[in-house]
Number of protein chains: 2
Amino acid sequence: MWGGAMGRWEPGTGERLARAALDLFAEQGYGGTTVDRIAERAGLTKTTFFRHFPGKREVLFAGQEAHHRRFVEGIAAAPATATPLEAVGAALDAATAPVTRAQRAMGARLEAVVASTPELRERQAFKRAALAADLAAALRERGVLDPAASLAADLAVRAFTGAFSRWCRRGEARTLGEIARQELRELQIAMAALE
Amino acid sequence: MWGGAMGRWEPGTGERLARAALDLFAEQGYGGTTVDRIAERAGLTKTTFFRHFPGKREVLFAGQEAHHRRFVEGIAAAPATATPLEAVGAALDAATAPVTRAQRAMGARLEAVVASTPELRERQAFKRAALAADLAAALRERGVLDPAASLAADLAVRAFTGAFSRWCRRGEARTLGEIARQELRELQIAMAALE
DNA sequence: AACGTGATGGCACCGAGTCACGTCACCGCG
DNA sequence: CGCGGTGACGTGACTCGGTGCCATCACGTT
């Protein structure tokens, strides 16, 4: 069962828990699933669950720190001559490039669960607000003043989330980065038309 | 109706609970305050607390439904010839006019508590997202297409929250509505400068 | 005087989250 | 070979947010 010279415990405990959680949430809903039951399906216990995730909700949003960081660093890494919107575009490239197909596969299921659970939508709104705040700070670091920095950061988050949502739909052939770039262009056009 | 011989229970139960909660949150922090203690200070019990508020967090955000509604209706009530941004301006007027001095007095204390409690900031982010979504829907009702509707709605929420925050600071002599209008203008300028 | 009503208290219960402590394999070391 | 340290996990008790059911008791009504 533990092929070769593996450790004492099955590896990938956190991932097993996350999969069990997503499965159960899809089957019985978020509120109808207890942490005990998630741990049980993963062959573990409640205590171990909370050792791997700070809370029941976080099990679905785990592993986004890397994406968050790449997004923010993409702003800082943009050439110094870039305008705010060009920096946002560069950050979108940096953020979309490393996204894997596996994440696309989970995206649809995850979106369905989140959409049907106010508590999770709340968590998502907060994560996006936090990301936007960090992006705005990175833009201010480049000398962009408020409220332009906050606005540009909001455009970035909006373009990415919209693009990811479309990318997860079947029949979408384009690259995530391509969609994100187009979303940003459309936002820019709508913004210009607002006056 | 309650004159002379008052009723069996002290009136304003919900308000007493809300005041007790805000006091205790300011004294001991949000996480360090139990619902039992809030109810105790109000001379009531936990059960009664949950009869008046759907949750511990909601005690601070109670009474915002009316503001939310006026804001959204302000969009619909704008003249049919108004541009999206003009409709947003009209909605800001409709939303800011009925705000009382009492709400200003609580604003500062409330802001401090919310700022120091991630759980409450999360709730606030969600409420703002929900408001923005409703405003965007009202704009779409007027024929504004996405993503322009969402962007304009975001500007509205941003202008209001920024204005309210400034309005709560001491030494601020202007009207809430005036500040909101100026915030909107500044956002408009920053938006135009983004390209 | 009897009755219905409505806001409240009391109580049992569930689930999320925390904590202290025990367990057991693996690892390094003598 | 044995021995103690380490790290991941289990166990059980606990707190607290939140729900549901039933009892209470003043008030108004009939």
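The shown structure was predicted, so the numbers you read here are calculated from the model rather than taken from an experiment. Quick note on labels: first sequence line is chain A, next is B, and so on, each numbered from 1.
- If you take CG of B/L120 and C1' of D/dG17, they are 14 Å apart, rounded to a whole angstrom.
- Nucleotide C/dG6 holds its P atom 14 Å from the NE2 atom of B/H52, rounded to whole Å.
- Between B/L44 atom CG and C/dG10 atom P there is a gap of 11 Å when expressed in whole angstrom units.
- The distance between atom CZ of B/R51 and atom C1' of D/dC21, rounded to the nearest whole Å, is 10 Å.
- B/E122 pairs in a salt bridge (charged side-chain N to carboxylate O under 4.0 Å, His left out) with only one of the listed residues (A/K127, A/R123, A/R128), which is A/R123.
- Of the candidates C/dT8, D/dG17, C/dA16, the closest approach to any side-chain atom of B/T13 belongs to C/dT8.
- Checked options A/R109, A/R16, A/R37; the residue passing with A/D23 is A/R109 (criterion: salt bridge (charged side-chain N to carboxylate O under 4.0 Å, His left out)).
- Between B/D93 and B/R181, at least one side-chain nitrogen of the basic residue sits less than 4.0 Å from a carboxylate oxygen of the acidic one, meeting the salt-bridge criterion.
- For B/E119 and D/dG17, the CD to P distance is 10 Å, given to the nearest whole Å.
- Residue B/T48 places no side-chain N or O under 4.0 Å from the OP1 or OP2 atom of C/dA7.
- Although no hydrogens or angles enter the test, the distance criterion places no donor-acceptor pair under 3.5 Å between the side chain of A/R142 and the main chain of A/P84.
- Looking at A/T161, its side chain does come within 3.5 Å of a backbone N or O of A/V157 through a donor-acceptor pair.
- One interatomic measurement links the two molecules: CD of B/E40 to P of C/dT8, which rounds to 17 Å at whole-angstrom precision.
- Cation-pi geometry between A/R174 and A/W167 is not met: the NZ or CZ atom fails to fall both under 6.0 Å from the ring centre and inside 45° of the normal.
- For the pair A/T45 and D/dT11, the criterion of a side-chain N or O lying under 4.0 Å from OP1 or OP2 is not met.
- In this structure, NZ of B/K46 is placed 7 Å from C1' of D/dC16, rounded to the nearest angstrom.
- The stretch residues 22-36 of chain A has no heavy atom under 4.0 Å from DNA chain D, so no residue of it qualifies as close.
- No close placement of the B/F61 and B/H68 rings is indicated, their centers lying 6.0 Å or farther apart.
- A straight line from CG of B/L17 to P of C/dT8 spans 8 Å, rounded to a whole angstrom.
- Among the protein residues, B/T47 comes within range of the nucleic acid bases, having at least one heavy atom under 4.0 Å from a base atom.
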